[in-house]
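Here the structure is a predicted model, which is why all the values come from computation and not from measurement. Throughout, protein chains are lettered first and strands after them, A, B, ... in sequence-line order, and every chain is numbered starting at 1.
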Amino acid sequence: MRIATFNINGIKARHQSLCDWLDEATPEVVLLQEIKSLDENFPRELFEERGYRVETHGQKSFNGVAILSRLPLEDVARGLPGDESDDQARWIEATVIGDRTAVRVAGLYLPNGNPAPGPKYDYKLAWMERMKARAAELLELEEPVVLGGDYNVIPQDEDAAKPEAWKDDALALPETRAAFRRILHLGYTEAFRARVQGGGHYSFWDYQGNAWGRNNGIRIDHLLLSPEAADLMTGAGIETALRGREKPSDHVPVWIDLDA
DNA sequence: ATGGCTTGCATAGCAAGA
C-alpha cells in the first residue's frame, strides 16, 4: 500500500497535474493539503472515475485537507480535537482497509506560524500541542497509524539548503523543532529520515527567486509512523521531479510503501 | 530582501503562504 502526502496549493489550479501524477504513480492513498476549496466545489468526480474514494474537509479560499483512497475507507473524522473555536480545516482521519491490515491515517496541514513571535506562532505551537494529544491517543490503539502532511517544520539544519536563512523562521525555530520532537518521542518514526540519511532532500521550493533552479529547498512534508506501521514500511521517497513540471505546486509528494 | 511568485476572491488589488 503506497500512501502519499501532497500539498497541492489549490485543487482548482492543480487538478490536471494531480490527475496526471495519479495516473502514472497510482498510489493507493493520497493525503492532500491546501485544497483551498469548499467541500461542494471539490472536483470529486475526477478522482472517483479513477477508482478513488474521496473524503474532504474544506473551507473557502484557504487551508483544506482531503483523502483519496483506492482502498475502502471507514470511520472518517474531520477536525483536530481540543479547541471548539478553531474553524481552520487542517485535519482529517480515516481508516484504510488494506488487503492484510487496516491503517488509521491522518492527513494534516500544520499552521505556518509566521511571523514569529506573534499570534500566528502562538496558534502554531498550540496546534502542535493539540496534535500531540491526538497522536498519543492514536498510539493507544496499538495499530498501524500514519500521520502524514505538510508539517511546516524543518526538523534539522540538514533539511534546508540554506539553514541560516531559516534560523528565525517559524518553520525552524528551536521551539518549533522541540514541539515536533515531542510528538516523535511519543513513539513515532519519521518515515523518510528512517530510510534515507543526510541532507539534500527537499519537499518544497519557493516560487520566488528561482528556488527550484537553484535547488534552494526545504523538507517540511512528513509521514510519521506508529511502531506497528513502521514495522510494515518497505520503502519511502520524494517525487522531486514534479516540481520541474508545468504549473507545479511549490510542494511535491512524499510517499511510503507499507506491507499492509 | 522592502517576500522579487502563486493562488483565490466580492475579478482588483489584497491576503496568505513559507
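Regarding F62(A), its CZ atom lies at a distance of 6 Å from the P atom of dA16(B), rounded to whole Å. Here the P atom of nucleotide dT11(B) and the NZ atom of K12(A) are 11 Å apart, to the nearest Å. Atom CG in N216(A) sits roughly 14 Å away from atom C1' in dC5(B) (whole-Å rounding). Atom CG of N7(A) is separated from atom P of dT7(B) by 12 Å (rounded to the nearest Å). In this structure, K124(A) atom NZ and dG17(B) atom C1' are separated by 12 Å, rounded to whole Å. Atom pair D169(A):CG and dG17(B):P shows a separation of 12 Å (rounding to whole Å applied). Summarising the geometry, the separation between NZ on K36(A) and C1' on dG17(B) is reported as 7 Å, rounded to the nearest angstrom. Separating the CZ atom of F204(A) from the P atom of dT7(B) is a distance of 13 Å, rounded to the nearest angstrom.
The residue among I220(A) and G209(A) whose nearest nucleotide of DNA chain B is located toward the 5' end is G209(A). Both Q208(A) and H251(A) lie near DNA chain B, and the one whose nearest nucleotide falls closer to the 5' end is Q208(A).
Distances were taken from every side-chain heavy atom of R90(A) (C-beta onward) to each of dG17(B), dA10(B), dG8(B); the shortest belongs to dG17(B). Picking from dT6(B), dA16(B), dG8(B) the nucleotide with the shortest atom distance to the side chain of R14(A) gives dT6(B).
Put simply, K247(A) has a side-chain N or O that comes within less than 4.0 Å of OP1 or OP2 on dT7(B). Taking 4.0 angstrom as the limit, K60(A) places a side-chain polar atom (N or O) nearer than this to OP1 or OP2 of dA10(B).
N210(A) comes within 4.0 angstrom of nothing in the nucleic acid, heavy atoms only. Heavy atoms of Y151(A) sit nowhere under 4.0 angstrom from any nucleic acid atom. N41(A) comes within 4.0 angstrom of no nucleic acid atom, judged by non-hydrogen atoms across all strands. The residue N152(A) sits close only to the backbone: its heavy atoms come under 4.0 Å of sugar-phosphate atoms, none of a base. Residue contacts for K120(A): at a heavy-atom cut-off of 4.0 Å it reaches the sugar-phosphate backbone alone, with no base atom in range. Within 4.0 Å of N9(A), counting heavy atoms only, lie sugar-phosphate atoms of the nucleic acid but no base atom.
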Is there a side chain to side chain donor-acceptor pair (under 3.5 Å) between N114(A) and K124(A)? Walk through the geometry before answering. CA-CA 9 Å; N114(A) 280 303; K124(A) 178 176 193 158; over 6 Å; no

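Shown here are the ring-ring contact (aromatic ring centres under 6.0 Å, His included) partners of H251(A), two or more places apart in sequence or in another chain: F204(A).
The existence of a salt bridge linking E28(A) and R2(A) is excluded, since no basic side-chain nitrogen approaches an acidic carboxylate oxygen closer than 4.0 Å. Taking 4.0 Å as the cut-off between side-chain N and carboxylate O, R134(A) and E137(A) count as a salt-bridged pair. Looking at R219(A) and E158(A), no side-chain N of the basic residue comes within less than 4.0 Å of a carboxylate O on the acidic one, giving no salt bridge. A salt bridge does not link R181(A) to E190(A): none of the charged side-chain nitrogens sits closer than 4.0 Å to a carboxylate oxygen.
Nucleotides dA12(B) and dG17(B), compared at atom P, are 24 Å apart to the nearest Å. Separation of the P atoms belonging to dA10(B) and dA15(B) is 14 Å when rounded to the nearest angstrom.
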